[in-house]
There are 2 protein chains.
Amino acid sequence: MVKERYGSAMANKPTATDADGQKPGRALRADARRNRARVLQVAAEIFATEGLSVPVHEIARRAGVGTGTVSRHFPTKEELFAAILLDRMEHLSGQADALAEGRDAGTAFFTFFATLVHEGAQHRGLAEALAGAGYDVETAAAEAGHDVPGRLRTMLGRAQEAGAVRADITYPDVKALMAGCLSREVDDTRADALIRLVAVVCEGLRARPS
Amino acid sequence: MVKERYGSAMANKPTATDADGQKPGRALRADARRNRARVLQVAAEIFATEGLSVPVHEIARRAGVGTGTVSRHFPTKEELFAAILLDRMEHLSGQADALAEGRDAGTAFFTFFATLVHEGAQHRGLAEALAGAGYDVETAAAEAGHDVPGRLRTMLGRAQEAGAVRADITYPDVKALMAGCLSREVDDTRADALIRLVAVVCEGLRARPS
DNA sequence: AAATATACGGGACGGTCATCCCGTTTGTCG
DNA sequence: CGACAAACGGGATGACCGTCCCGTATATTT
């Protein structure tokens, strides 16, 4: 079953983060930095393959650390979710910038759309869980300079100006269609099924001569 | 956050059900039938608007009955989910049959697709939760004579034969696209946003001259 | 109207987790 | 190499929730 309610304990807004996602005030000890990274990686993997309900104790056990270590680095489970997501955002915004230059607007948009779908397939439910807990992922990412939604929105606008995408499509429409490609309902999560779905959706989005 | 693991307590397969969803062996007392219906209705409403994590105690309280009454009618929370879903399936399969006669195959398919999306918008997550608990909704519904997926699949096949839908589309593709239109990501759940999404998807599904 | 089975209410129980705390270990700096 | 702060581990704590139970109330039957 599904638990959605969280006492939102996510109030702190770091004003800046470095590549390790930590506040500027203090340097982490070497072992601490190592453990933090390891927990982040293991958690991302486990949540992706087994769902978000895996207990924090289990994450700690499989990462080879104590539960105290996890909750010191990530005081609540949501903050762990958020850290994972921020990490992915960083990666994706880099790819977006690379795509935006060189190709025509339509190709860039459709390619980035496909990239997001495949990325999302690896981290189902993470964003939804955080949104449900009242944590605004998009804003947090934007503040860290990894504004993936903003980049997608821009690409959409350019693609529409270039006449490659239907003019009446909105950004929320695009988000919803992305989520559709990620639906759990698809029995075989293999790449080819995903690719066909993306093709259908892109076909629907494409502008065509009236 | 999300809990996905369920000790699957859903073993009993009623061999037949009547309109109230009860086994043939015994007639329910009048107050029992009333309470059952009331809980079913209230639960469907609450789960639809506030999510599946609302505690059973809360359902009982708002339905004006004791928790014992709920768990006597629906021994586990999953069985409550399943009862709600079966109720909707019954409704939908009727609509499908009405659509199947009279119109051309393409129109019937696209119309039923839209109907399912709008219905699904009212009951987000229910099907997923049950599937995650190992409960096969489709089979249960089919045994009760309300095989909605089967009807959709048939309509898809006919629409493809009639040349109205791309031939390479599979049934799982259609299910996934449906789920996409139902995505939580859509901020405004108003009807017009949904309608535009459905339009985009149908456009993508439509067969076009090569 | 009395008798009886059926259903009701809601408190109790047990299990699961996220989070906190504190005695112990270990990196870091002089 | 010694001292101190930082970080570690993992058990304790408390909250939440699904399910069960049983004394009480009420529909049904004769």
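Quick note on labels: first sequence line is chain A, next is B, and so on, each numbered from 1.
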> Could you state the CZ-C1' distance from A:Arg36 to D:dA6, rounded to the nearest angstrom?
Replying inline: 16 Å
> For the pair made of CD1 in B:Ile59 and C1' in C:dG10, what is the distance, rounded to whole Å?
Replying inline: 17 Å
>> Is it the case that the side chain of B:Lys77 and the backbone of B:Ser71 share a donor-acceptor pair, with hydrogens and angles ignored and the cut-off at 3.5 Å?
In response: no
>> Working note: A:Phe113 + A:Met178, criterion side chain to side chain contact (heavy atoms under 4.5 Å, CB included); need CA distance, chi angles, decisive distance, verdict.
In response: CA-CA 8 Å; A:Phe113 181 86; A:Met178 266 187 50; 3.3 Å; yes
> B:Phe74 has an atom CZ; how far is it from atom P of D:dC17, in whole Å?
Replying inline: 20 Å
>> Could you measure the distance from the CD atom of A:Glu138 to the CG atom of A:Leu85? Nearest 0.5 Å is fine.
In response: 10.0 Å
>> Please report the interatomic distance CD1(A:Ile84) to CD(A:Gln41), rounded to the nearest 0.5 Å.
In response: 11.0 Å
Under 3.5 Å, N/O pairs linking protein and nucleotides 27-30 of chain D:
| from | atom 1 | to | atom 2 | distance (Å) |
| --- | --- | --- | --- | --- |
| D:dT28 | OP1 | B:Ala30 | N | 3.3 |

> Measuring from B:Leu40:CG to B:Glu45:CD, what's the distance to the nearest 0.5 Å?
Replying inline: 11.5 Å
> Does NZ or CZ of A:Arg36 fall inside the cone over A:Phe74's six-membered ring, less than 6.0 Å from its centre and within 45° of the axis?
Replying inline: no
>> Distance check needed: C:dT19 C1' versus A:Glu79 CD, whole Å only.
In response: 12 Å
>> Of the options C:dC17, D:dC8, D:dT19, whose atoms approach the side-chain atoms of A:His73 most closely?
In response: D:dC8
>> Quick check for you: to the nearest 0.5 Å, what is the distance between A:Asp31 atom CG and A:Arg38 atom CZ?
In response: 14.0 Å
>> Nearest 0.5 Å, please: how far is CZ in B:Phe81 from CG in B:Leu52?
In response: 4.5 Å
> Could you give the CD-to-P distance, from A:Glu58 to C:dC17, as a whole number of Å?
Replying inline: 10 Å
Atom pairs under 3.5 Å, N or O on each side, protein against nucleotides 9-11 of chain D: can you list them with distances?
| from | atom 1 | to | atom 2 | distance (Å) |
| --- | --- | --- | --- | --- |
| D:dG9 | OP2 | A:Gly66 | N | 2.9 |
| D:dG9 | OP2 | A:Thr69 | OG1 | 2.4 |
| D:dG9 | O5' | A:Gly66 | N | 3.4 |
| D:dG10 | N7 | A:Thr67 | N | 3.2 |
| D:dG10 | N7 | A:Thr67 | OG1 | 3.0 |
| D:dG10 | N7 | A:Gly68 | N | 3.0 |
| D:dG10 | O6 | A:Gly68 | N | 3.1 |
| D:dG11 | O6 | A:Thr67 | OG1 | 2.9 |

